[in-house]
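Just so it is clear, the model here is predicted, and its values are computed rather than measured. Here is the naming used below: chain letters follow the sequence lines, and residue numbers restart at 1 for every chain.
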Amino acid sequence: MDYNFKQIESKWRQRWNDQQTYRVEIDNSRPKYYVLDMFPYPSGAGLHVGHPLGYIASDIYSRYKRLCGYNVLHPMGYDAFGLPAEQYAIQTGQHPAVTTEQNINRYREQLDKIGFSFDWNREVRTCDPAYYKWTQWAFLKMYAHYYDRTARKALPISALEERFAERGTDGLDAACTAEMRFTAAEWTSWDEARREQVLQNYRLAYRADTMVNWCPKLGTVLANDEVKDGLSVRGGYPVEQKRMKQWSLRVTAYAQRLLDGLDTLEWSESLKEIQRNWIGRSVGAQVFFDIEGSERKLEIFTTRPDTIFGVTFMVIAPEHEWVSELTTPDNRAAVEGYIEQTKKRSERERIAETRRVSGVATGSYAVNPFTDKAIPIYISDYVLAGYGTGAIMAVPAHDSRDYAFARHFGLEIVPVVEGGDIEKESYDAKSGRMINSGFLTGMDVKEAIPAMFDEVERRGLGKRLVNYRLRDAIFSRQRYWGEPFPIYYKGDTAYPLSEDKLPLELPPIENFGPTEQGEPPLARVKGWTTEEGYPLELSTMPGFAGSSAYYLRYMDPHNDKALVSKEADEYWRSVDLYVGGIEHATGHLMYSRFWNMFLYDLGYVCEQEPFKKLVNQGMIQGRSNFVYRVVGTNKFVSLGLRAQYETQEIHVDVNIVRNDQLDLEAFRRWRPEFADAEFILEDDKYICGWAIEKMSKSMYNVVNPDNIVENYGADTLRMYEMFLGPIEQSKPWDTNGIDGVHKFLRKFWRLYFDRDGKLALTDEAPTAAELKSLHKTIKKVREDIENFSFNTSVSAFMICLNELGQCRKRAVLEPLAILIAPFAPHIAEELWETMGHNASVFDAAYPDYDEAYLEESAFEYPVMVNGKLRFKQEYPLSATAADIQASVVKAEGAQKWLAGKTPKKVIVVPGKIINIVI
RNA sequence: GCGGAUAUGGUGUAAUUGGUAGCCACGUCAGACUUAGGAUCUGAUGCCGAAAGGCGUGGGGGUUCGAGUCCCUUUAUCCGCACCA
């Protein structure tokens with residue numbers, strides 16, 4: 001009886017489902033382990049063969065951990081809110097809930113075929129009201145808290161109100177949108193709306209007028225991580241900067257903790273680096289510059305206070321609040337023209353034209369506090385409104401952008417650091433001796449920086465300040481298919497719904513586009529108000545809202561009293577191993593950490609970091625195949641002969657190509673126009689060309705895992721995906737080669753059974769060689785799993801099989817069946833049961849190796865002469881280096897190469913190598 | 001421009017972490033069994049060479065008895081950030 005994978009796999013799929021094999025509960029008698037995959041967005045296209053790569057790796061790991069005695073939490077769910085379903089709804093009128101449900105069912109069907117050990121009782125869907133109740137709950141908590149820098153944690157906003165009533169802002173160091181100063185008396189004198197406006201400045205979830213990424217085509221604002229090169233990540237539509245009133249999360253409050261936390265995580269260095277860059281910490285100073293003829297002072301941020309003596313002008317962003325105020329009547333026309341021109345340019349154009357210098361003078365002057373000279377204030381779009389204060393002190397001698405600007409406008413360039421030639425270019429390096437700099441002159445830059453910090457603070461011009469590139473996350477989307485905000489309005493003032501009103505359910509709707517007035521779709525809903533008739537917020541939450549705490553919900557998915565119970569949280573704690581794509585580096589992985597830290601501050605969770613160890617699986621690219629049509633005919637010429645013809649390259653469906661050889665009949669059936677195709681063959685075969693491209697429908701290179709499972713079985717798919725190469729590496733999918741793994745599994749099967757399908761194991765004692773082979777494999781496989789090196793463990797199984805030959809001994813094959821179980825669970829279960837075990841193979845103990853079987857008594861040394869391998873010589877392992885040194889020269893092999901000469905040196909590394917240097 | 005990663009046969013890859021480069025597969029070639037083969041089994045397969053031997057881990061240089069691995073330099077590809085003051 002041959003290896004009937006179809007029968008075996010459907011049997012065990014059924015059995016695992018019926019017996020709830022992978023259901024897990026809290027079990028204080030066993031150590032826990034939490035293995036998580038990034039849950040998928042259920043798209044209409046279904047899974048392709050690249051998606052399960054990470055799932056298979058994590059499944060192998062969790063099955064392994066389970067076999068090692070851990071209580072393993074390994075859940076799966078769906079990130080079900082989002083733009084694509086809604087775009088589809090706008091086009092077709094189908095409700096996103098319907099298409100999402102369909103897609104989820106399709107995903108589930110596909111996932112089930114691969115034999116994952118997910119506990120489906122814990123499934124979550126972000127679009128389920130019972131789930132998003134807790135998304136809304138967390139939002140309300142953020143709304144009701146502010147971040148106190150002194151306490152280094154989030155505190156209730158009510159405490160802030162009390163504080164304001166007692167002493168105003170005196171002594172307060174809190175994360176806020178703009179620094180505020182007021183007294184207790186002022187606070188008490190304000191009305192409710194005014195106070196609320198002030199509190200919005202501090203809330204961790206707040207509504208404010210801010211510069212946002214507006215995507216007109218999608219009709220919504222987007223967060224920074226949803227925009228790339230001035231285009232939306234979803235859809236690739238142009239994005240522009242616009243000032244709008246939007247909800248945001250004060251992620252920046254946690255910037256330092258998000259940065260510090262990275263050091264405690266087992267993440268790849270490159271991923272940590274991406275997050276560090278995204279947070280973008282820079283240490284510098286805030287400095288206030290006097291403005292001539294004004295009481296106000298222009299605030300700037302600089303990391304080079306040492307160069308203040310070289311400041312010869314200042315530049316503010318076109319969007320700066322004071323533009324109008326600083327513009328003198330003579331310059332008004334020019335300034336307004338410039339601003340108009342900047343507005344018209346999209347973000348994308350602005351990025352493309354970074355080299356071009358543009359700007360205009362305001363006519364106002366500031367005063368350099370150290371040289372006392374009047375310096376002109378300019379407007380230019382090379383200064384960004386969103387970073388620092390949107391204003392800079394320009395040091396043309398030591399900043400290349402300021403230099404280009406000064407050259408263009410003929411402004412003064414005063415060098416203050418020695419080195420470089422300011423006639424040619426600016427000298428940006430942070431080293432050298434200070435010149436033309438008053439009290440700093442003669443110091444090195446490294447001394448001058450702290451000296452100037454001190455001086456600025458002493459003279460009350462400003463203070464040391466740490467700045468972050470990280471922006472607060474814009475949290476509202478003018479969309480339908482997302483979580484509604486538990487917020488209502490009285491006039492323009494926002495109020496939270498009370499927690500007992502949650503979940504605030506998304507109302508049904510038929511038209512999914514924006515209204516004619518450009519309002520979000522929820523504006524169409526009659527009665528989208530509170531019971532008292534106050535209007536509810538019309539925007540919904542963004543995609544990352546639902547994915548920010550889903551790992552917590554898996555711990556306790558059916559709890560309607562809390563996001564996660566104390567008991568469940570304290571048992572499961574945090575994710576021990578998280579597997580997913582690197583594309584979430586600055587989005588989901590950032591927001592989740594923020595969300596979790598916030599819940600940690602409030603005492604709802606016991607771990608500060610949600611994902612202890614993280615593995616990024618590589619992207620799977622497509623491998624396209626081509627046929628070559630002779631131009632103007634319906635003849636197709638094989639790859640090797642195409643040079644003789646004028647041909648046209650056409651993508652052909654990879655599913656009708658095998659090992660680059662075209663299935664001619666299937667090709668004729670593929671599309672009607674090829675029904676009577678003729679072929680020019682080489683060696684009676686049609687060989688296709690190939691290329692590595694993105695996996696997509698239009699390239700006909702999408703490989704569906706269902707087809708692989710159908711033809712080879714899930715166990716083959718699982719092992720082959722691992723065999724393909726290191727898990728972190730991006731690589732093209734190539735079905736060529738899957739035969740090797742399939743062949744291995746068939747051979748493996750045939751080791752246990754005779755021709756009639758009867759178990760053919762013997763109770764004979766294994767030989768030393770067999771035991772050595774077994775224990776070597778156990779050792780290798782265990783180590784490889786721990787190191788996430790699954791490709792080499794698959795190889796180890798193949799080597800073991802080659803070494804075992806026809807060994808049918810139970811003492812060898814029984815542990816081998818358990819050893820392979822994480823990789824090929826179906827076949828392992830079947831073998832285990834056939835061998836007479838009642839319980840699942842996953843209730844067994846994972847085999848461990850015994851060093852004793854691996855020991856060698858003698859070692860055949862490779863002997864090198866002058867670094868080149870010349871002969872081999874065996875010595876017992878007990879032989880000392882000195883013994884070998886003395887005797888190896890006398891060996892027959894050595895005599896030939898020495899040719900009578902005396903060696904200069906003989907190097908012996910016991911157990912490794914001998915090198916004779918002549 | 002800054003930061004990170006990668007580079008090994010025709011292909012995917014491996015290398016006890018400084019110690020016999022190419023394990024394990026795919027592919028190819030030869031053979032066996034076959035009416036047949038997208039089945040199975042055996043053998044060969046880095047390059048040059050008849051052989052002895054030589055050359056080989058993107059290129060150049062260095063350290064070392066010994067380098068795919070360490071150091072310097074250079075090239076190519078991929079990814080992230082990018083007028084961040």
Side-chain angles (χ1 to χ4, degrees), chain A residues 2 228-229 268-278 280-282 284 300-304 307 315 317 350-351 353-357 380-384 386-395 398-402 404-405 428 467-470 582-583 585-586 618-619 623 658-661 663 690 711 720 723-726 728-741 743-744 746-747 750 780 783 789 791-802 860-870 872 903-909 911-918:
Chain A
D2 219 15
K228 214 193 148 207
D229 299 329
S268 72
E269 215 27 67
S270 64
L271 178 52
K272 288 189 196 177
E273 206 51 37
I274 291 173
Q275 290 216 340
R276 283 189 196 110
N277 287 340
W278 190 258
R281 181 181 200 263
S282 56
I300 59 99
F301 173 76
T302 180
T303 54
R304 292 294 303 273
T307 61
V315 188
R350 203 165 148 165
I351 291 166
E353 293 175 15
T354 51
R355 292 286 126 85
R356 199 195 290 170
V357 178
S380 174
D381 66 2
Y382 86 86
V383 174
L384 304 175
Y387 184 76
T389 61
I392 62 156
M393 60 174 220
V395 187
H398 305 290
D399 182 287
S400 51
R401 295 151 303 173
D402 297 345
F405 194 85
D428 294 14
N467 221 321
Y468 300 92
R469 204 187 68 90
L470 185 71
I582 193 132
E583 65 273 17
T586 54
M619 298 264 207
R623 186 179 190 276
R658 197 187 156 101
N659 286 345
D660 291 336
Q661 191 184 334
D663 181 333
W690 60 273
N711 295 334
Y720 184 58
F723 185 67
L724 227 41
E728 292 96 339
Q729 201 169 298
S730 284
K731 57 215 157 215
W733 175 265
D734 185 357
T735 310
N736 298 346
I738 196 168
D739 282 335
V741 171
K743 213 186 282 179
F744 159 77
R746 279 209 306 264
K747 277 201 232 170
R750 284 203 301 263
K780 175 83 176 141
E783 285 170 357
S789 174
N791 55 329
T792 51
S793 39
V794 175
S795 294
F797 281 116
M798 292 179 174
I799 295 167
C800 181
L801 206 61
N802 289 346
E860 194 181 36
Y861 280 88
V863 183
M864 331 267 287
V865 178
N866 286 340
K868 282 206 163 62
L869 176 69
R870 291 307 181 189
K872 289 185 181 179
K904 281 197 198 120
K905 215 197 253 184
V906 178
I907 293 139
V908 177
V909 184
K912 288 201 170 166
I913 206 148
I914 300 168
N915 193 5
I916 301 170
V917 185
I918 304 172

Determine the contact category for A:Arg281: base if any of its heavy atoms lies under 4.0 Å from a base atom, sugar-phosphate if only primed atoms, P, OP1 or OP2 are that close, otherwise nothing.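 Nothing: the residue A:Arg281, judged by heavy atoms under 4.0 Å, touches no strand.
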Determine which nucleotide pairs with B:A21, using a 3.5 Å limit on both distances of a Watson-Crick or G-U wobble pair.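 With both distances under 3.5 Å required, B:A21 matches none.
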Taking B:G61 as the reference, what is the distance to B:U16 when you measure between their C1' atoms (whole Å, please)?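 30 Å, rounded to whole Å.
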Below the 4.0 Å mark, does B:G38 have OP1 or OP2 next to a side-chain nitrogen or oxygen of A:Asn711?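 No, no such contact exists.
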Whether the side chain of A:Asn915 and the base of B:C65 hold a donor-acceptor pair under 3.5 Å is what I'd like checked.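 Pair found.
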Which whole-number value in Å describes the distance from A:Tyr861 OH to B:C65 C1'?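 After rounding, the gap between these two atoms is 16 Å.
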5' priority, RNA chain B, between A:Gly737 and A:Met864 [closest heavy atom]: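 The answer here is A:Met864.
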Can you tell me which residue among A:Ile914, A:Val863, A:Asn915 is in a side chain to side chain contact (heavy atoms under 4.5 Å, CB included) with A:Val906?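 Only match with A:Val906 under side chain to side chain contact (heavy atoms under 4.5 Å, CB included): A:Ile914.
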Whole-angstrom distance between B:A67 and B:G62, as gauged at atom P: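 Here B:A67 and B:G62 have their P atoms 12 Å from each other.
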Under a 3.5 Å threshold, yes or no: a donor from one side chain and an acceptor from the other, between A:Asn467 and A:Tyr387?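 Judged by distance alone, the side chains do not pair up.
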Mind checking if A:Lys868 touches a base, just sugar-phosphate, or nothing, with heavy atoms under 4.0 Å?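 Here A:Lys868 touches the backbone only, sparing every base.
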For a quick check under 3.5 Å, do A:Thr792 and A:Ser789 share a side-chain donor-acceptor pair by atom type?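 The criterion, which ignores hydrogens and geometry beyond distance, is satisfied for A:Ser789 and A:Thr792.
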For B:U57 and B:A21, measure between their P atoms and round to the nearest Å.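 After rounding to an integer number of Å, I get 12 Å for this pair.
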Pull up the glycosidic torsion of B:U17 and say syn or anti, syn being anything within 90° of 0.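 Chi for B:U17 falls in the syn range.
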In terms of side-chain heavy atoms of A:Pro726, which of B:C26, B:A14, B:C83 is nearest?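 Taking heavy atoms from C-beta onward, the closest nucleotide is B:A14.
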Can you tell me the base-pairing partner of B:U45? Count Watson-Crick or G-U wobble geometry only, both distances below 3.5 Å, and say none if there is no partner.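 Pairing partner, where one exists within any strand: B:G27.
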From C-beta outward on A:Ile913, which listed nucleotide comes closest to its side chain: B:C81, B:A85, B:G19?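 For A:Ile913, the side-chain atoms sit closest to B:G19.
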With heavy-atom distances below 4.5 Å as the criterion, would you say the side chains of A:Val917 and A:Pro903 are in contact?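 In short, these two side chains do not touch, never coming nearer than 4.5 Å.
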Just how far, in rounded Å, is P of B:A85 from CG of A:Asp402?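 Distance, rounded to whole Å: 12 Å.
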Considering every strand and a 4.0 Å limit on heavy-atom distances, what is the contact class for A:Asn791: base, sugar-phosphate, or nothing?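 Contact class for A:Asn791: sugar-phosphate only.
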Counting side-chain heavy atoms from C-beta on, which of B:C83, B:G54, B:C24 comes nearest to A:Leu384?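 Of the candidates, B:C83 comes closest.
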What is the distance from atom CZ of A:Arg276 to atom CD of A:Glu269, rounded to the nearest 0.5 Å?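 Answer for the CZ-CD pair, A:Arg276 versus A:Glu269, is 5.0 Å.
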Side-chain heavy-atom pair A:Asn802, A:Lys747 within 4.5 angstrom cut-off: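 They are in side-chain contact.
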Determine the interatomic distance between C1' on B:G58 and the same-named atom on B:G54; round to the nearest Å.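 One C1' to the other, the span is 22 Å.
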Measuring from the side chain of A:Met798 (C-beta onward, heavy atoms only), which nucleotide among B:G27, B:C24, B:G19 has the closest atom?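 Closest nucleotide to the A:Met798 side chain: B:C24.
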Can you label the angle between the A:Phe797 ring and the A:Phe744 ring as parallel, tilted or perpendicular, going by 30° and 60°?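 Rings of A:Phe797 and A:Phe744: tilted, as their planes differ by 30° to 60°.
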Take atom CG of A:Asp428 and atom C1' of B:C2, then tell me their distance rounded to the nearest Å.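 One finds 13 Å between C1' of B:C2 and CG of A:Asp428, rounded.
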Select base, sugar-phosphate, or nothing to describe what A:Ile799 touches, counting heavy atoms under 4.0 Å on all strands.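 Sugar-phosphate: the residue A:Ile799, judged by heavy atoms under 4.0 Å, touches backbone atoms but no base.
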Considering only the C1' atoms, how many Å lie between B:G38 and B:A76, rounded to the nearest integer?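 Roughly 38 Å separates the two C1' atoms.
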Looking across every strand, which nucleic acid part, if any, lies under 4.0 Å from A:Gln729 by heavy atom: base, sugar-phosphate, or nothing?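 Answer is sugar-phosphate: A:Gln729 comes under 4.0 Å of backbone atoms only.
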Name the pairing partner of B:C2, where a pair is Watson-Crick or G-U wobble with both distances under 3.5 Å, or state none.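 Check on B:C2: paired to B:G80, both distances under 3.5 Å.
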Is the distance between the ring centroids of A:Tyr468 and A:Trp278 under 6.0 Å?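 They do not qualify: ring centres at least 6.0 Å apart.
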How many Å lie between CZ on A:Phe301 and P on B:A85, as a whole number?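 Rounded to the whole Å, the gap is 7 Å.
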Please classify B:G9 as syn or anti, treating any glycosidic angle within 90° of 0 as syn.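 With its glycosidic angle within 90° of zero, B:G9 counts as syn.
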Would you indicate, yes or no, if B:G66 has its OP1 or OP2 atom less than 4.0 angstrom from a side-chain nitrogen or oxygen of A:Lys912?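 No, no such contact exists.
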Rounded C1' spacing from B:G56 to B:G68 in Å: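 These two C1' atoms come out 11 Å apart once rounded.
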Heavy-atom distance under 4.5 Å between the side chains of A:Met393 and A:Thr307, does that happen here?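 Side chain of A:Met393 against side chain of A:Thr307, heavy atoms only: contact under 4.5 Å found.
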Measure from the side chain of A:Lys743, starting at C-beta and using heavy atoms only, and say which of B:C26, B:G3, B:G19 lies closest.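 Out of B:C26, B:G3, B:G19, the nucleotide with an atom closest to A:Lys743's side chain is B:C26.
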Distance check: side-chain N/O of A:Lys731 vs OP1/OP2 of B:G12, anything under 4.0 Å?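 For B:G12, neither OP1 nor OP2 has a side-chain N or O of A:Lys731 closer than 4.0 Å.
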Between B:U42 and B:C24, how far is it from one P atom to the other, in whole Å?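 13 Å, rounded to whole Å.
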Base, sugar-phosphate, or nothing: which does A:Pro732 touch, judged by heavy atoms less than 4.0 Å apart?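 Touches nothing.
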For B:U6 and B:U69, measure between their C1' atoms and round to the nearest Å.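 Taking atom C1' in both B:U6 and B:U69, they lie 15 Å apart.
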Using the side-chain heavy atoms of A:Arg469, tell me which of these nucleotides is nearest: B:C24, B:C65, B:C81.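 So the nucleotide nearest the side chain must be B:C81.
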Taking atom P of B:C2 as reference, at what distance in whole Å does atom CG of A:Asp399 sit?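 Between P of B:C2 and CG of A:Asp399: 15 Å.
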Would you classify A:Leu724 as touching base, sugar-phosphate or nothing, given that sugar-phosphate means primed atoms plus P, OP1 and OP2, and contacts are heavy atoms under 4.0 Å?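 Since only primed, P, OP1 and OP2 atoms lie under 4.0 Å of A:Leu724, the category is sugar-phosphate.
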Taking any heavy-atom pair under 4.0 Å as a contact, classify A:Phe723: base, sugar-phosphate, or nothing.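 The answer is base, as A:Phe723 lies within the cut-off (heavy atoms under 4.0 Å) of a base atom.
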May I ask you to say what A:Lys747 touches in the nucleic acid, namely base, sugar-phosphate or nothing, with a heavy-atom cut-off under 4.0 Å?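 Answer is sugar-phosphate: A:Lys747 comes under 4.0 Å of backbone atoms only.
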Can you work out whether A:Glu273 or A:Lys872 has the more 5'-proximal nearest nucleotide on RNA chain B?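 The residue whose closest nucleotide sits nearer the 5' end is A:Glu273.
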NZ of A:Lys904 versus C1' of B:U64: gap in Å, rounded?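 Spelled out: NZ on A:Lys904 to C1' on B:U64 is 14 Å.
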Candidate nucleotides B:C24, B:C26, B:G4, ranked by approach to the side chain of A:Ser270 - the nearest: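 Nucleotide nearest to A:Ser270's side chain: B:G4.
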Can you tell me how far P of B:A25 sits from CD1 of A:Ile738, to the nearest Å?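 Those two atoms, CD1 and P, are 16 Å apart.
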Across all strands, who's sitting opposite B:A7 as a Watson-Crick or G-U wobble pair, both distances under 3.5 Å?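 Partner of B:A7: B:U75.
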Hey, does the side chain of A:Arg746 come within less than 4.0 Å of B:U40's phosphate (OP1/OP2), counting only N and O?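 Checking B:U40 against A:Arg746, a side-chain N or O does come within under 4.0 Å of OP1 or OP2.
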Once you apply a heavy-atom cut-off of 4.0 Å, does A:Asn802 come out as touching a base, just sugar-phosphate, or nothing?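 The answer is sugar-phosphate, as A:Asn802 gets under 4.0 Å only of primed atoms, P, OP1 or OP2.
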Rounded to whole angstroms, how far apart are CG on A:Asp739 and C1' on B:U28?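 Distance check: A:Asp739 CG to B:U28 C1' gives 15 Å.
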